[in-house]
Amino acid sequence: MDHALTLQGVTKRFGSFTAVSDLSLQVPKGCIYGFLGQNGAGKTTTIRMVMSIFHQDSGTISVLGHSDASEVKDRLGYLPEEKGLYKKMKTAEIVAYFGKLKGMDRATANDKAKELLQRYGLGDWLDKKCEAMSKGMGQKVQILGTIVHDPDLVILDEPFSGLDPVNRDVMRDTILQMKREGRTVIFSTHVMEQAEQLCDEMMMIHKGRLAFAGTIAEIKAGRDHGIQIEYDGDGRVLRQLPGLDPTRLNDNNKSAELFLKEGEDPQEALRWLVDHLTIRRFDIREPSLHEVFVRTVAEKDAELAAAGRSR
Amino acid sequence: MANKILLVAQREYLENIRTKTFWLGILAFPAIFAIAIGVGWIMEKTKKTQVYTVADFTTNHLGAEVEAAARAGILLDILQGEAERQLPEDHPAVQQLQNIEPGMVEAGLKLMPEDVRAQLEQRLAQRKEKYRFDDLTRLGLADLPREELITRLNAMAKDGRLFGYFVFENDPVAELKGSISFVSENTNDNDLRDWYGRAATRVVQKKRIAAAGIDAKVARYIREPVVFPAEQPGEGADRKTVERADRARNLAPVAFVYLLWMAIFGAAQMLLTNTVEEKSNRIIEVLLSSCSPGELMAGKIWGIGATGLTMVVSWAVVGVIGMSLGAQVLPIIGELDLLGIARDPLYLASFIGYFLTGYLLFAAVLVAIGSVCNSLKEAQNLVQPVFLLLMVPLFAMFPIVQEPNGLMARVFTYIPLYTPFAMMNRASGPPPAWEYAATTVLILFSVWFAFKAAGKIFRVGVLMTGNPPKLKEILGWLKES
C-alpha cells in the first residue's frame with residue numbers, strides 16, 4: 001500500500017448540480033500533490049469528501065488505507081480555504097485545542113503548541129489573544145493548528161492566498177519540511193507557478209471531472225512546444241506576428257508565451273520579433289503549466305459543448 | 001467520541017465564563033431587581049408631605065369633625081397596618097381591629113397614663129407625615145368671605161402651597177351630592193382624597209346612625225364585613241388554615257417559571273449568536289475536520305447549557321444571600337419561608353430537570369436556525385417566530401398557576417415546546433404521578449427527535465454560504481437519511 005489517498009469513481013451531487021463526477025486518482029505517499037482547477041471546479045468539494053465532511057454519493061475513497069476517513073481523522077491535518085480563529089482565545093490555547101481535538105492528551109498538546117509557536121517566531125504571542133494578531137500571524141497560527149498533531153496526510157486548501165512574499169516563503173518551507181519528514185501534502189491552488197515549483201504530482205479538475213493527473217513531465221509530455229520570450233517594447237504588436245495561433249498568446253507585458261500554427265517556422269518568427277521588439281530572451285520549450293491549464297480549460301469546454309450538442 | 005464532545009463543550013463553557021461581560025450580565029439581573037425595589041421604596045420615602053386645608057361652610061362644623069376623625073384614623077391605620085404585618089390574617093385581633101372606630105381610639109387614648117400617651121404622641125410626631133392639615137388661620141385666610149376664600153385657596157392649590165383643599169357645604173349628612181368636593185391640581189394621586197373619604201364616611205355614618213336612633217352596637221353588627229377565612233382540605237375531616245407561607249408556596253411556580261424562562265431564553269440566545277459567529281468566521285470547517293457535525297453540535301449545546309446553568313445557580317446564590325439579608329430587615333421575608341420552598345426537592349428537581357429538557361429542545365431549534373444563517377441579522381429575522389413562541393409560557397403563567405390542573409394547564413402540558421414550563425407551572429397542584437411519567441416520556445422523545453432533525457440541518461447548513469435555504473430545501477435535508 002503506497003498511496004496516501006485513492007479515489008475511485010467518486011461522484012457528489014448537490015440537488016441537480018453535479019459538483020464532482022466520476023473522479024478517480026491516486027496520491028502517492030510522501031509526495032507533494034497539487035489540486036488544480038478553476039474556482040468552482042470541484043476542488044474544495046473533493047477535499048471535503050476526503051476529510052469526510054461530505055459523503056460521496058457513489059464511488060470509494062480510501063484515506064491512509066482506510067475506506068472511511070473518519071477512522072483516520074486524527075492522522076489528517078486540514079487547512080480550509082477560508083480560515084478562522086477564535087478571536088478571544090490565546091494563540092497557545094487554540095493551537096493546543098486543535099491538537100486535543102485530534103486526540104492528543106492535554107499536556108502533550110500544550111507543550112507542542114508552545115514549541116511550534118516558538119519555532120515559527122511567535123514565542124512572544126503565546127499568551128496574546130488571536131484578535132490582537134495581524135492577518136499573516138493569524139494564518140501562521142492556523143497552519144500550526146493544522147500540523148500540531150503530526151499528521152500523516154496534510155491537506156491545504158489555497159494555502160498561499162492572502163499571504164505576503166515573506167509568509168509565502170514560510171508556507172513553502174513548511175510544506176517542504178513536511179515532505180522531508182515523510183508526510184504527504186496535498187494543496188490546492190490557482191497559482192500555476194507555485195504548483196510547478198512545489199508539486200511532485202498534480203491533478204486538474206474541470207467542472208467536476210478529472211482533466212489530467214500525473215507528474216509535471218507526464219502532464220507536459222506530448223504537448224507542442226511553445227516560444228517563450230522576454231522583451232521590451234509595445235507588446236500589442238505580438239498579435240500581428242505572422243503564423244501566430246491567435247488563441248494561444250499569453251502576454252505578460254515584459255514576457256510572453258506564444259504558439260505558432262502547425263508548420264510555421266520559429267526562425268521566421270524570431271526574425272520578425274527582433275524587427276518589432278527588443279528581444280532579451282528567446283526559448284523554444286515545453287509549454288508552461290499555465291498554458292497547459294488554460295489550454296485544458298478551452299479543450300474541455302469545447303468537448304463538453306460538443307457532447308451537449310450531440311445529445 | 002464523547003471525549004470530543006466534552007472538549008468542544010469545555011471550550012464553549014470556558015470562553016463564556018471567562019469574560020467579564022458574562023459575570024456583569026449575571027449580576028445585572030438581581031441588581032436591576034434590587035434597584036426596582038429600592039427605587040419604589042425611595043419614592044415612597046421621599047414623597048412630599050401633602051398639605052391640605054378644609055373650607056367648612058356647614059353650620060354644624062362637620063369639616064372640623066371629619067378632620068378630628070381623620071387624625072384619630074391615622075393612629076387606627078397604624079394599629080391595623082401593624083397588626084396585618086405582624087399577625088396572621090385570621091388572628092382574632094386583626095378582625096377586632098377592623099371593627100374599632102376612631103372614636104374608640106380617642107377614648108382609649110384618654111384612658112392611657114399620661115407618660116405613655118406622651119410617648120405615643122412623640123412617636124407619632126417623629127413619623128414622617130404623609131398628609132398635613134393647615135387650618136385657615138395658619139394660612140392667613142381666617143374670616144374671609146366665601147368668594148374671596150375660594151379664590152385665594154385656588155391660587156394656593158395652583159402655586160403648590162396646598163396639595164388641595166376639601167370643601168364642605170350645606171348638610172352632607174342629609175345629602176352628600178353637591179355638598180362636598182376636593183379641589184386639587186393633581187388629579188392622579190388619589191391617596192389623600194381616598195383617606196379623607198374614609199374618615200368622612202365614618203363621621204357621616206355615625207351621625208346618620210344616631211339620627212335614625214339605631215344603637216351603636218347594632219350598627220356595628222350590621223356593618224360587619226363578610227370575609228371568608230381561606231382553608232385547605234386536610235387529612236380525613238380536618239381542614240387546615242392557609243398561612244401566608246402557603247400562599248407563597250402556591251405562587252412559587254410563577255417565580256420558578258419566570259426564572260426558567262430567563263435561563264432558557266438567555267442560554268438559547270447565547271447558542272444562536274455563538275453558532276452564527278462561528279459559522280461566519282469560518283472556523284467551523286477546521287472543527288469539522290476533527291470531529292463530526294453531531295459531536296460539534298452536541299458539544300456546543302452542552303457547553304452553553306452548562307453556561308446557562310452557571311447563570312441560574314449564580315442567581316440562586318445571589319437570591320439566597322439577598323433573602324437572608326432581607327429577612328433581617330423585613331421579617332415577612334423569613335416568615336414566607338422562601339428558602340424552604342427553594343429547597344423543596346419537588347421544585348428543585350423539577351427546575352433542574354425542566355431547565356435541561358426545555359433548554360435542549362429550544363437549543364436544537366436555534367442551533368439549526370443558526371447553522372443556516374450567515375449573519376446575525378439574518379438569524380434575528382428567522383428566529384423571531386421562535387421567540388414569539390417562547391413568549392407564550394410567560395402569558396400563560398398566571399392562568400395556569402390559578403388552575404394548575406385545569407384544561408389550559410393540561411393542554412399546554414402536552415405541547416412539547418411548553419411541557420417544561422407548564423409542568424413547572426403546575427407544581428403547586430401538583431399534577432398526578434402519571435402525568436409526570438407521561439410528560440417525561442414526551443419531552444425526552446421530543447428532545448431526541450429535535451436533536452436528530454437539528455443534526456441533519458446543522459450538518460448541511462453549517463457549511464453553506466450565500467442565501468439561507470428555503471423551507472422546502474430544509475425539509476428535503478430532513479428526509480435524507
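Naming convention: chains lettered A, B, ... in sequence-line order (proteins, then strands); numbering from 1 in each chain.
A:R48 has its side chain within reach of B:E285: a pair of non-hydrogen atoms, C-beta onward, lies under 4.5 Å apart. Contact annotation: the side chain of A:K102 approaches that of B:S289 to within less than 4.5 Å [non-hydrogen atoms, C-beta and beyond].
Neither the backbone nor the side chain of A:R75 comes within less than 4.5 Å of any heavy atom of chain B. Contacts of A:F14 with chain B are absent, with no heavy-atom separation under 4.5 Å from either backbone or side chain. Within the 4.5 angstrom heavy-atom criterion, no atom of B:E277 approaches chain A. Both the backbone and the side chain of A:L101 come within less than 4.5 Å of a heavy atom of chain B. Looking at B:E15, only its side chain comes within 4.5 Å of chain A, counting heavy atoms on both sides.
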Test log, rule side-chain contact (heavy atoms from CB on, under 4.5 Å), inputs A:D74 and B:K4: CA-CA 11 Å; A:D74 292 352; B:K4 288 188 178 175; 2.9 Å; yes
Full working for side-chain contact (heavy atoms from CB on, under 4.5 Å) between A:L85 and B:V286: CA-CA 9 Å; A:L85 288 172; B:V286 185; over 6 Å; no
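No more than 12 heavy atoms of other residues, nucleotides or ligands lie within 6.0 Å of CH2 in B:W302, so this atom counts as exposed by the packing criterion. Environment of NZ in A:K128: crowded, with over 12 heavy atoms of neighbouring residues, nucleotides or ligands closer than 6.0 Å. Within 6.0 Å of CZ on B:F265 lie more than 12 heavy atoms contributed by other residues, nucleotides or ligands. Heavy-atom neighbours of A:R172 CZ from other residues, nucleotides or ligands within 6.0 Å: above the threshold of 12.
The structure places CD1 of A:I53 at 11.0 Å from OG of B:S292, a figure rounded to the nearest 0.5 Å. Rounded to the nearest 0.5 angstrom, B:I283 CD1 and A:I94 CD1 are separated by 4.5 Å.
Among A:E93, A:K88, A:Q142, A:E81, the residue making the largest number of heavy-atom pairs under 4.5 Å with chain B is A:E93.
In terms of heavy-atom proximity, A:Y97 sits nearest to B:L287 at CE2-CD2, 4.0 Å.
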